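Notes to accompany the following structure.
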Amino acid sequence: MRTMNRRGARPEYREGFTLVELLLGITVLGIVAGTATAVVLGVARVATRATRSLVADRALQSLQVFLRQELRDATNADVAVMASTRVALARPIGEAMVCAASDTAILVADSAWTGTRWPEPGRDDAWLLVDPVAAVWQAAAIVAVAADQCPADLAPAIRLSVSAPPTGTVVVRIMEPVELSAYRSGIADWFGLTPAKHTAAVQPFAGPLTPGTARWVLYADRLETAVQPNGAAATIVRIPLAAGP
């Protein structure tokens, strides 16, 4: 800034700012800082909403995919609602054509078996197709599992000792009784899976959910549950079921 000396002959230069200039600079900086803060907070809110939406979508997709897979062959007779937050069902493990049967056991060729794992006694049940024409299935507990051979061609086989006479069985389907429930973990609820016949840790597969919002309802043609992921609105998930016998 430039000022005149007393005589007005030569200009003098002085370093610094006047009070007005300082106030003006502070005001501008305040405006810039306020604008930047608003932008940052806005971006943070958008990111938070996007994250919550993504978590909610994943929770709903996980539940729908899981239920549709596990209940793809279920009828309304295969599902039981034990409480508003608990439902019992049998999940398919695998199936195969039977190569031989006796009064207490059935044999399944290893090459014919299609499943996610081998059958386990005390954990799984065997559903025996005893009348293919009428599609009649007979449920039996699996007492023991052992290696064997099919009598016709000596092919490696699985021998399943069962609790009911398997006479006339054509196909065996292995099912695992399980329980789906909403349980609390920390400050949120989760949907979890627990085998019904032995002690095991809960396997979470959908969440986190708003606490106390899960509800199961069984109808003649569908299983229905209300799901409310954290930070999202409640959604009704409907899984179609076949009519029971």
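The structure displayed is predicted, hence computed values, not measured ones. Values below: every heavy atom of this structure, side chains too, minus hydrogens, waters and symmetry copies.
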With side chains defined as the heavy atoms from C-beta onward, is the minimum distance between Ile106 and Leu128 less than 4.5 Å? yes
Sequence neighbours excluded - salt bridge (Lys or Arg N to Asp or Glu O under 4.0 Å) pairs with any residue from residues 96-119: Arg117-Glu120, Arg117-Asp124, Arg117-Glu176
Does any part of the side chain of Trp190, heavy atoms only, come nearer than 4.5 Å to the side chain of Pro208, both counted from C-beta? yes
Residue from Ser163, Pro177, Pro119 passing side-chain contact (heavy atoms from CB on, under 4.5 Å) with Asp125: Pro177
From Leu218 atom CG to Met82 atom CE, the distance as rounded to the nearest 0.5 Å: 13.5 Å
Minimum heavy-atom distance between Gln138 and Pro165, given as atom pair plus value: NE2-O, 3.6 Å
Does Val172 share a hydrophobic cluster with Ile158, counting links as ILVMFWY side-chain heavy atoms below 4.5 Å and allowing steps through other members? yes
Report the distance from atom CG of Asp189 to atom OG1 of Thr210, rounding to the nearest 0.5 Å. 8.5 Å
Where at least one partner belongs to residues 112-146, residue pairs that pass disulfide bond (SG atoms under 2.5 Å apart), sequence neighbours excluded: none
Does some side-chain heavy atom of Leu209 sit less than 4.5 Å from a side-chain heavy atom of Phe191? yes
Is any side-chain heavy atom of Glu224 closer than 4.5 Å to a side-chain heavy atom of Tyr219? yes
Quick check: is Leu160 connected to Val143 through a chain of hydrophobic side chains (ILVMFWY, heavy atoms under 4.5 Å apart)? no
Do Thr85 and Arg215 have side chains that approach each other closer than 4.5 Å (heavy atoms only, starting at C-beta)? yes
Counting only N and O atoms by type, is there a donor-acceptor contact under 3.5 Å from the side chain of Ser102 to the main-chain atoms of Ala105? yes
Hydrophobic cluster membership, Val79 vs Trp127, 4.5 Å side-chain cutoff: no
Salt bridge (Lys or Arg N to Asp or Glu O under 4.0 Å): pairs with one or both residues in residues 79-89, sequence neighbours excluded: Arg86-Glu179
Just wondering, do Leu107 and Cys99 contact through their side chains at under 4.5 Å, heavy atoms? yes
Atom of Leu223, atom of Leu241 and distance for their closest heavy-atom approach: N-CD1, 3.8 Å
Check whether any side-chain heavy atom of Met97 lies under 4.5 Å from a side-chain heavy atom of Val170, and answer yes or no. yes
Is there a path of hydrophobic side-chain contacts, each under 4.5 Å between heavy atoms of I, L, V, M, F, W or Y residues, that connects Ile142 with Trp118? yes
Scanning both residues in full, the closest heavy-atom pair of Ala164 with Ala139 reads CB-O, 4.4 Å
Take atom CD1 of Ile187 as the centre, draw a 6.0 Å sphere, and report whether it contains more than 12 heavy atoms from other residues, nucleotides or ligands. no
Please check if Val145 and Met175 belong to a single hydrophobic cluster, counting links between Ile, Leu, Val, Met, Phe, Trp and Tyr side chain heavy atoms closer than 4.5 Å. no
Heavy atoms of Arg123 and Pro195 approach each other most closely as NH2-CG, 4.5 Å
Ile174 vs Trp113, side-chain contact (heavy atoms from CB on, under 4.5 Å): CA-CA, chis, key distance, verdict: CA-CA 10 Å; Ile174 305 302; Trp113 171 255; 3.4 Å; yes
Answer yes or no: is there a side-chain heavy-atom contact under 4.5 Å between Val136 and Leu129? no
For the student: nearest non-hydrogen atoms of Gly212 and Arg184, plus distance: N-NH2, 4.2 Å
